[in-house]
Amino acid sequence: MAFIEDPAFVLSYLRQAFITSDDTGMSEMVLVDEDIEHWDSIKQEREGTPKTRSASEKPQNLEYGDISQSFDITASSLDWGIRRRTNTAQRLEKLKKERQNQVRCRNIQWKEKSVDLSSEEMAGMFEKKDLSEKKSAAVPQHTSVLAEQLEQSPVLTNNPFIEFSKFDGKGHVGSTATKRVDIFLTMTTGKERNFPLTVVVLATARVQDLIGLICWQYTNEAKEPKLIENVEAYCLHIAEDDGEVDTDFPALDAKEPFAKFGFTTLALVEKPKDQEQQSEIMLVTVNVPHSGFSRIQVESLGLTMKEILHRALKRRKGRVDPSGPDYVLEKQSQPGVCVDLDSTLDSMNTMEFCLVRQHSTRGEVEEETEVNRNMSEMEASLSSLHYKSYRVNMFTKLRTSTIIQLGVSGEKIEIDPLTQHKSTAAKFLSKQKPVSYDADLVAACEITDDKHGRETFRLTYQSGSDFKHHDFEASSSVATEVVTKINHILELRASPVRADYLAFKERKASKKHGLLS
């Protein structure tokens, strides 16, 4: 700009710069259509002919008048913040890279050999070194701590049941569904026979997988005697809390999932290898008049009848009270003749007996059974007032089921939904809030459907002046227990709501019968 002598051009250039560089557009609004002061005087001074004009006169045919208007700025003329590099900068960068590459390279000039070397001189240049002395004088190798611990650790036995270790649930408690089972080992002897082996198994395992897991844990704990290296050689039986095997029921099916069984105490029993071993298992049948029978497994015929009586009473959950009546055994074929409890089973010549109370006959047992039945019903009615919770499925209005905890007591009935990990849609469809109903507002509870071992029962209650209901689903045993417990509570309380509901049902039934007739 210092070499430009035309002041009009400089002034137009500055105006143009202000207009094009202002993003707000204010400069263009101010400078557009504005006259250049003393434009004619500047032009005439440049031509050497000064002239004066009034302030009202406007310049005519200005040479640089069109420069005051800014050019239209289009999107194609913008670089959007990306400035292109000049050719000089690109050339300098290329030269810089070439110099850097030259530093890494080294030029070596090849020269022909000018002096001939003898064979001895050539051998001295590449002399063979003797490394045997260095090897002998080398520092002795040190053994790591891990290698020492591996050498000192006991040799682990090769567990043939290692494939079943994946069903061990001890490391998955809280994150995956597991089940804890106490297993009595019938093949052990001494004190180990009386203490069960606690096993935590995944809920997805089958019965055969559980047997393999038991054998794997048994082998890891180095128990004696050693097991047969075949899972199919063992089976699981129902056992009592003291470890006695219940032979009245068959062994669990090895192909069934273990989660379908609710047993927490089982016994691992070795299967008989052939029919001869099956005949060695001796069972004594003890009949209880009008109360079924029990089968007791005995080891030998030399067992006393007193021991058989003790096992029979233990199986029947009976207690021998010194101050109360005692029980005796009779041969099933000889009623009224008590056997000698000190004699052996071999001398009885039979394996079927009958359990009766002392100084009683088998006919009197029927009357006692009826009394005991009435007493048990009374005890069940009184125990129904105690609080107990059940885990059942509850149907919503959209017939979707959600898992809830049903609490039943003599005062009220509580429904508490259990927390579950569901999708957003499932949470919306199965939304259930905690609710409780007073026992006096409950009208009835009855089973409505039975399908494939699961029963649906309905709980009817009074809400305002109407009767409403909730439908639940559970296993047959749980549903029967819940319905029986609630009905006992309703019979004991005899609330007016129940009476109104029964009258309402009777009127409804009579009205329906009248329409049909």
Just by distance, do the side chain of [X] and the backbone of [Y] share a donor-acceptor pair under 3.5 Å?
X      : Y      : answer
Ser463 : Asp466 : no
Lys331 : Val337 : no
Ser476 : Glu455 : no
Ser294 : Val286 : no
Tyr218 : Glu224 : yes
Thr484 : Glu481 : no
Arg311 : Gln297 : yes
Arg206 : Glu256 : no
Lys388 : Val482 : no
Glu330 : Cys354 : no

If you count every heavy atom of other residues, nucleotides or ligands that lies below 6.0 Å from [X] atom [atom1], does the total exceed 12?
X      : atom1 : result
Glu411 : CD    : no
Arg180 : CZ    : no
Arg391 : CZ    : no
Gln100 : CD    : yes

Give the intermediate values and the outcome of side chain to side chain contact (heavy atoms under 4.5 Å, CB included) for residues Lys179 and Leu210.
CA-CA 11 Å; Lys179 198 168 185 180; Leu210 176 58; over 6 Å; no
Exercise: identify the closest heavy-atom pair between [X] and [Y]:
X      : Y      : value
Phe161 : Gly212 : CB-O, 3.9 Å
Glu240 : Phe184 : O-CE1, 3.8 Å
Ala239 : Leu266 : CB-C, 3.9 Å
Phe353 : Gln332 : O-OE1, 3.6 Å

Kindly assign one of parallel, tilted or perpendicular to the pair Phe472 and Phe457, based on the angle between their ring planes and the thresholds 30° and 60°.
parallel
Does the plane of the ring in Phe263 sit parallel, tilted or perpendicular to the ring in Phe261? Use 30° and 60° as the thresholds.
parallel
Can you confirm whether [X] sits close enough to [Y] that some side-chain heavy atom of one is under 4.5 Å from a side-chain heavy atom of the other?
X      : Y      : result
Val392 : Ile404 : yes
Thr264 : Asp182 : no
Glu221 : Leu197 : yes
Leu283 : Met351 : no
Thr344 : Met305 : no
Asp168 : Val201 : no
Ile415 : Gln405 : no
Ile214 : Tyr234 : no

So among Leu268, Val181, Asp253, which one has a side-chain contact (heavy atoms from CB on, under 4.5 Å) with Leu236?
Leu268
Member of Asp438, Leu441, Asp440 meeting the side-chain contact (heavy atoms from CB on, under 4.5 Å) criterion with Ser495:
Asp440
Show your reasoning for whether side chain to side chain contact (heavy atoms under 4.5 Å, CB included) applies to Leu213 and Leu202.
CA-CA 10 Å; Leu213 179 62; Leu202 296 178; over 6 Å; no
List the steps, then state whether side chain to side chain contact (heavy atoms under 4.5 Å, CB included) holds for Val497 with Val442.
CA-CA 7 Å; Val497 174; Val442 178; over 6 Å; no
Any Lys/Arg nitrogen of Asp449 or Lys451 sitting under 4.0 Å from an Asp/Glu carboxylate oxygen of the other?
yes
Decide yes or no on side chain to side chain contact (heavy atoms under 4.5 Å, CB included) for Thr304 and Leu341, but give the supporting numbers first.
CA-CA 7 Å; Thr304 61; Leu341 298 180; over 6 Å; no
